[in-house]
Amino acid sequence: MIDLLEGRFFLAFIALLEEKSFSRAAVRLGYVQSTVTTHIQQLEKISGQKLFHRYPRGIELTEAGKVFSKYAYQYVHLSQSLKESMNELDQPCGTIRIRTQESFFLTRMLPFVQEYTRNYPNVNLRIEQGSYQDILNGVLDYELDFGIVPQDPNRQDILFYPIMEETIVFAASEDIARKVRNAGFQILNDQLFISNGTSCLYHTSAVGVLKNAGIMVKDALELPSLEMIKQYVSCGKGFALLPEIAINNELKTGTLKILPFNSKMSFSHGLIVHKNRELSFTAKSFQSELQRFLWV
């Protein structure tokens, strides 16, 4: 098989996998659509397996395609690492793929990205948003150079590098906070609880704290955006779980108030890397810069 495989076939496979469309994959690679189709057909012929299901609405990986994708990402990553090593780089360049939670990117990582891109203009940071499980899966499948998660996955195949501690709080409007002060936390039994959803580790911890306080959530709302959550809560619509740093401005203006639960929720965010992934010079430099910037 190795005698028949070509790098451009892997690039076409990844482009199609990520773009979900032959036409968009062709635009991304600078090819005509028929070239992408031919490359995929060649891969399927060489592997002896159908790699994609073709539907009118787009494409989807077959089980064989899911297996192949892990090796395709490794191939492209190793090719980039080899290119950097052969050029004997003294300045980082190339592409780094990262996945993180939206709230962490907006509150912690954005200032770093702005500084990093000024200092290293030849590095292309491809940053994606995802839930904890999305991030972990991306690292395990070799799609990503790094994931950023709120706690150590404690897996033998994952390396975890702490970068900072994060405090999570319950927040509400001044009106709801006043009711809590006057009547106690029990009034929250009748309030809407808003979070990023049950797939978020913050949510799991929050439910435990609420249960210990005698609060059983009867009505919950899942919103994907940090800004949506803040705006919704500031209108007096329930209470939410948020990183404390994310509501600094709202706390100063009085738009939001922290609900004074006794239990403090703190998470140790860190970079995760597949144990078997050989980090390029650029990736190692990025890791060092991020840890220096964020670790306090």
Side-chain angles (χ1 to χ4, degrees), residues 99-114 127-135 148-151 163-270 293-294 296:
R99 191 173 294 164
T100 182
Q101 293 176 322
E102 182 216 27
S103 59
F104 187 84
F105 175 79
L106 292 176
T107 59
R108 298 293 192 178
M109 200 169 173
L110 183 57
F112 165 76
V113 170
Q114 292 168 336
I127 303 175
E128 307 170 3
Q129 180 270 338
S131 68
Y132 174 81
Q133 196 59 50
D134 292 331
I135 299 167
I148 301 179
V149 292
Q151 72 176 30
I163 51 178
M164 68 171 306
E165 293 291 323
E166 182 80 279
T167 298
I168 309 300
V169 298
F170 288 102
S173 65
E174 168 59 32
D175 180 57
I176 291 179
R178 183 173 58 252
K179 291 177 180 178
V180 170
R181 290 195 299 270
N182 295 336
F185 287 111
Q186 296 306 311
I187 68 106
L188 296 178
N189 280 304
D190 299 318
Q191 296 292 333
L192 182 65
F193 174 48
I194 306 169
S195 73
N196 284 123
T198 55
S199 62
C200 177
L201 290 178
Y202 295 164
H203 182 99
T204 304
S205 297
V207 170
V209 171
L210 293 174
K211 185 176 180 180
N212 290 336
I215 301 164
M216 300 302 294
V217 176
K218 299 176 183 176
D219 195 9
L221 177 64
E222 179 179 337
L223 294 176
S225 165
L226 177 65
E227 191 59 33
M228 286 179 66
I229 294 175
K230 291 198 294 183
Q231 294 297 330
Y232 208 92
V233 175
S234 65
C235 293
K237 302 294 185 180
F239 65 107
L241 183 68
L242 294 162
E244 186 172 9
I245 190 176
I247 58 172
N248 277 345
N249 290 336
E250 288 78 7
L251 293 175
K252 291 177 182 177
T253 60
T255 306
L256 293 176
K257 299 289 184 180
I258 294 177
L259 300 177
F261 283 89
N262 291 328
S263 299
K264 181 180 179 181
M265 290 176 288
S266 182
F267 293 84
S268 179
H269 280 270
F293 188 93
L294 291 180
V296 293

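Note that these values count all heavy atoms, side chains included, but never hydrogens, waters or copies made by symmetry.
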Which residues pass the salt bridge (Lys or Arg N to Asp or Glu O under 4.0 Å) test with Arg181, not counting sequence neighbours?
Glu174
Going by the rule salt bridge (Lys or Arg N to Asp or Glu O under 4.0 Å), which residues pair with Asp175 if we only count those two or more places apart in sequence or in a different chain?
Arg178, Lys179
From [X] atom [atom1] to [Y] atom [atom2], the distance as rounded to the nearest 0.5 Å:
X	Y	atom1	atom2	result
Thr100	His269	OG1	NE2	7.5 Å
Gln129	Ile135	CD	CD1	8.0 Å
Gln151	Ser266	CD	OG	11.5 Å
Leu210	Met216	CG	CE	9.5 Å

Tell me every residue that passes side chain to side chain donor-acceptor pair (under 3.5 Å) with Glu166, counting only those two or more places apart in sequence or in another chain.
Arg108
Quick check: closest heavy atoms across [X] and [Y], and the distance to 0.1 Å?
X	Y	result
Leu226	Ser103	CD2-CA, 4.1 Å
Gly236	Ser173	CA-OG, 3.5 Å
Ala240	Val233	CB-CG2, 3.4 Å

Run the side-chain donor-acceptor check on residues 243-260: report pairs under 3.5 Å with partners two or more places apart or on a different chain.
from: Glu250; atom 1: OE2; to: Lys230; atom 2: NZ; distance (Å): 3.2
from: Thr253; atom 1: OG1; to: Asn249; atom 2: O; distance (Å): 3.2
from: Thr253; atom 1: OG1; to: Glu250; atom 2: O; distance (Å): 3.2
from: Thr253; atom 1: OG1; to: Thr255; atom 2: OG1; distance (Å): 2.9

Where the side chain of Asn189 meets the backbone of Ile215, is there a donor-acceptor pair that is under 3.5 Å apart?
no
Could I get the full list of ring pair (Phe, Tyr, Trp, His ring centres under 6.0 Å) partners for Phe267, not counting sequence neighbours?
Tyr202
Once ring pair (Phe, Tyr, Trp, His ring centres under 6.0 Å) is applied, do any residues pair with Phe193, and if so which ones, sequence neighbours excluded?
His203, Phe239
Taking the side chain as every heavy atom from C-beta outward, state whether [X] and [Y] have any atom pair closer than 4.5 Å.
X	Y	value
Phe104	Pro150	no
Ile176	Leu188	yes
Phe105	Ile148	no

